[in-house]
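Lettering follows sequence order; numbering is per chain, from 1. Here the structure is a predicted model, which means the values were calculated and not measured.
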Number of protein chains: 2
Amino acid sequence: MTGQIGTALHEAVRQEITRRVRSAEYGAGQALPSAAILAEDFGVSAITIKRALRDLQSAGILRSVPGLGTFVREQRRFIRDLDFSLTSYDDALRLGLKPSIHLISLTREKIQDPAFDVLEPPAGLMLCVRKVIFADDTPIMYDTSYLPRSVSDQVLDEFREKFISDVLRDHGTQFTKTKLLIDAAPASDEAQQTFAIPNGYPTLRRLYRLSTKEKSFSVFGVTESPFDRLACVVELDADHKPPRRRK
Amino acid sequence: MTGQIGTALHEAVRQEITRRVRSAEYGAGQALPSAAILAEDFGVSAITIKRALRDLQSAGILRSVPGLGTFVREQRRFIRDLDFSLTSYDDALRLGLKPSIHLISLTREKIQDPAFDVLEPPAGLMLCVRKVIFADDTPIMYDTSYLPRSVSDQVLDEFREKFISDVLRDHGTQFTKTKLLIDAAPASDEAQQTFAIPNGYPTLRRLYRLSTKEKSFSVFGVTESPFDRLACVVELDADHKPPRRRK
DNA sequence: GAGTGGTCTAGACCACCCT
DNA sequence: GGGTGGTCTAGACCACTCC
């Protein structure tokens, strides 16, 4: 009774548990029966149950805490409006949330991730600011920003509490346009730790380039969010065309 | 030697294999040594190796084919320019690719997914068109579109070969604006089959609403793509503001 | 101490692909 | 037939949380 296509035991178990979650038989935030009980309940081995539960963690449906139990994940997603405001701060306030920032590190690094290629980043060393953005005390974004090294220490200090674009704007920087690359990706190591999500968990990434009137001064960065914490919205006119056509 | 935090065996194995892939020790498209050999090589059980290999499949790094072997996934990502053209067709051509469409089904359904809520979809039955879009013979999008039922059969027939927005535009429909909700999500059942990806595989979704001059006529839909097949780019002006402010 | 989930193992069987 | 990956099991140990 093993190995049949499309009818793997752990898959059947997964589907049944999914059904129970969707039908609120297992309520949001509530604990599931223990793996041992489920194993007896389903008439399969404990390992097969664990396999199913683990897959459901990767799918964002469950969340297990060692020593405590397995729980139904609560879904509450924050929706970011891309063309309303350039700062997440305003966006959060608009939705009645309390945004806050935790600075992680401040280093000098090169931009390495090849995903940045489309944004044509500079090759040299840049200031690298890593931080976590919270909304209502739950972390929703892990942000890594890269700036030219010509930023004064005074400005640097304000990054602890404010968004980079806000700080720079307050100091007279005039932004002209924003280029965004949006993609999905399995959670990075940092994201796994920050959001307590398992390996391979789907995340939404936004790689950005903020251009300014000063041609050589651009801010680059990535923000990574668990798929169930953030989505983004953008509205385009039918006659909208980009500033310049390439090629 | 079990259960230490952050040093799980399968994790160490996963990292080492990842390193070998990144350093091209295991070349793109090439087969890895079999699980049995790797088990001996690493000095761990075959099951632990299989666990690591499975996690790397979910992360899009490897791909296993039963009976054949485990291979390094080839990464070639298609980048969709959101504000350049409204149709993927033009976009594909611009990049020198051969786009093609495979119609999957044509039904009458309601829009059910709550992710559509932000786009304010109608409650009633709509025409539902499902299809797969290929670029250079590899599937890159699974599209589900919803249209008002007032579409003529003649128009309907053209959906087999063309993009919906193109067909409607050819028949005189004038689009005004596009509202997009972009998020990540674990692969749906359909996506798992279409793209041969495992459960929980990260995908990029784009939910859209195409509005027309006729107020009651809007086209809704979702396109889902594996994270390693598609990303999208958008460029915004610093002074860009949405048509109307809500609240 | 009892219960929880997480990890690791050895061993077995299956379906698949190639020769 | 011999190799491959996928599945399932029983049994064991660990770290954790709560009482």
Side-chain angles (χ1 to χ4, degrees), chain A residues 1-17 26 29-59 61-73 192-193 196-201, chain B residues 1-17 26 29-59 61-73 192-193 196-201:
Chain A
M1 223 242 265
T2 63
Q4 285 186 42
I5 300 175
T7 53
L9 261 189
H10 66 87
E11 196 174 332
V13 171
R14 194 207 317 146
Q15 285 174 0
E16 172 59 17
I17 294 180
Y26 297 150
Q30 297 292 317
L32 269 66
S34 75
I37 293 176
L38 284 173
E40 200 175 352
D41 187 14
F42 279 94
V44 302
S45 88
I47 290 193
T48 302
I49 293 290
K50 287 179 181 180
R51 163 72 189 271
L53 294 181
R54 197 159 60 81
D55 285 348
L56 289 172
Q57 286 187 61
S58 298
I61 293 175
L62 302 180
R63 172 159 161 62
S64 290
V65 184
L68 256 179
T70 301
F71 306 86
V72 179
R73 241 183 205 276
Q192 288 177 45
Q193 291 177 15
I197 52 181
N199 182 256
Y201 200 82
Chain B
M1 223 241 267
T2 62
Q4 285 186 42
I5 299 174
T7 52
L9 261 188
H10 67 86
E11 197 174 333
V13 172
R14 195 206 316 145
Q15 286 174 0
E16 172 60 17
I17 294 179
Y26 298 150
Q30 297 294 316
L32 269 66
S34 75
I37 293 175
L38 284 173
E40 200 176 351
D41 187 14
F42 279 93
V44 301
S45 87
I47 291 192
T48 302
I49 293 290
K50 287 179 180 179
R51 163 73 189 271
L53 294 181
R54 197 159 60 82
D55 286 348
L56 289 171
Q57 286 188 62
S58 298
I61 294 176
L62 302 179
R63 172 160 160 62
S64 291
V65 184
L68 255 180
T70 302
F71 306 85
V72 179
R73 241 184 204 277
Q192 288 177 44
Q193 291 177 14
I197 52 181
N199 182 256
Y201 200 81

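- The side-chain hydrogen bond (donor to acceptor under 3.5 Å, both in side chains) search around B:Gln57 returns B:Ser64, not counting sequence neighbours.
- Note that the two end axes of the helix from C:dG1-D:dC18 to C:dC18-D:dG1 enclose an angle of 0°, each drawn from 5 base pairs, rounded to 10 degrees.
- Computed from coordinates, the B:Asp55 CG to C:dC8 C1' distance equals 14 Å when rounded to whole Å.
- Proximity of B:Gln57 to the phosphate of D:dG5: no side-chain N or O atom is located under 4.0 Å from OP1 or OP2.
- Atom CG of B:Leu38 is separated from atom C1' of D:dG5 by 12 Å (rounded to the nearest Å).
- The shortest distance between the side-chain N/O atoms of A:Ser34 and the OP1/OP2 oxygens of C:dT4 is below 4.0 Å.
- The listed nucleotides are D:dT7, D:dA12, D:dT4; the one nearest the side chain of A:His10 is D:dT7.
- Considering every non-hydrogen atom in both A:Phe71 and A:Val65, the closest pair reads CE1-CG2, 4.2 Å.
- With sequence neighbours excluded, the residues that form a salt bridge (charged side-chain N to carboxylate O under 4.0 Å, His left out) with B:Arg51 are B:Asp55.
- At whole-Å resolution of the value, CG in B:Leu32 and P in D:dG6 are 12 Å apart.
- Residue B:Arg51 places at least one side-chain N or O under 4.0 Å from the OP1 or OP2 atom of C:dT7.
- Near DNA chain C, defined here as any heavy-atom distance below 4.0 Å, the residues from residues 40-48 of chain B are B:Val44, B:Ser45, B:Ile47, B:Thr48, listed numerically.
- When rounded to the nearest whole Å, the span between CZ of A:Arg54 and P of D:dC8 equals 13 Å.
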Please list, one pair per line, the donor and acceptor atoms closer than 3.5 Å that link side chains of residues 34-49 of chain A to other protein atoms, with sequence neighbours excluded.
from	atom 1	to	atom 2	distance (Å)
A:Ser34	OG	A:Ile37	N	3.4
A:Ser45	OG	A:Ile47	N	3.3
A:Ser45	OG	A:Thr48	N	3.2
A:Ser45	OG	A:Thr48	OG1	3.3

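- For the pair B:Arg63 CZ and C:dC17 P, the computed distance is 12 Å after rounding to whole Å.
- Legend: residues meeting salt bridge (charged side-chain N to carboxylate O under 4.0 Å, His left out) with A:Arg14, ordered by chain and number and at least two apart, are absent.
- An OP1 or OP2 oxygen of D:dG5 is reached within less than 4.0 angstrom by no side-chain nitrogen or oxygen of B:Ser64.
- In this structure, the side chains of B:Ile61 and B:Ile17 stay at 4.5 Å or more apart for every pair of heavy atoms.
- Between B:Lys50 atom NZ and C:dT9 atom P the separation is 13 Å, expressed in whole Å.
- Atom pair B:Ile49:CD1 and C:dG11:C1' shows a separation of 17 Å (rounding to whole Å applied).
- Residues B:Tyr201 and B:Ser58 approach most closely at CD1-O, 3.7 Å, considering heavy atoms.
- Taking NE2 of B:His10 as the start and CD of B:Gln15 as the end, the distance is 10.5 Å to the nearest 0.5 Å.
- What separates CZ of B:Phe71 from P of D:dG3 is a distance of 17 Å, to the nearest Å.
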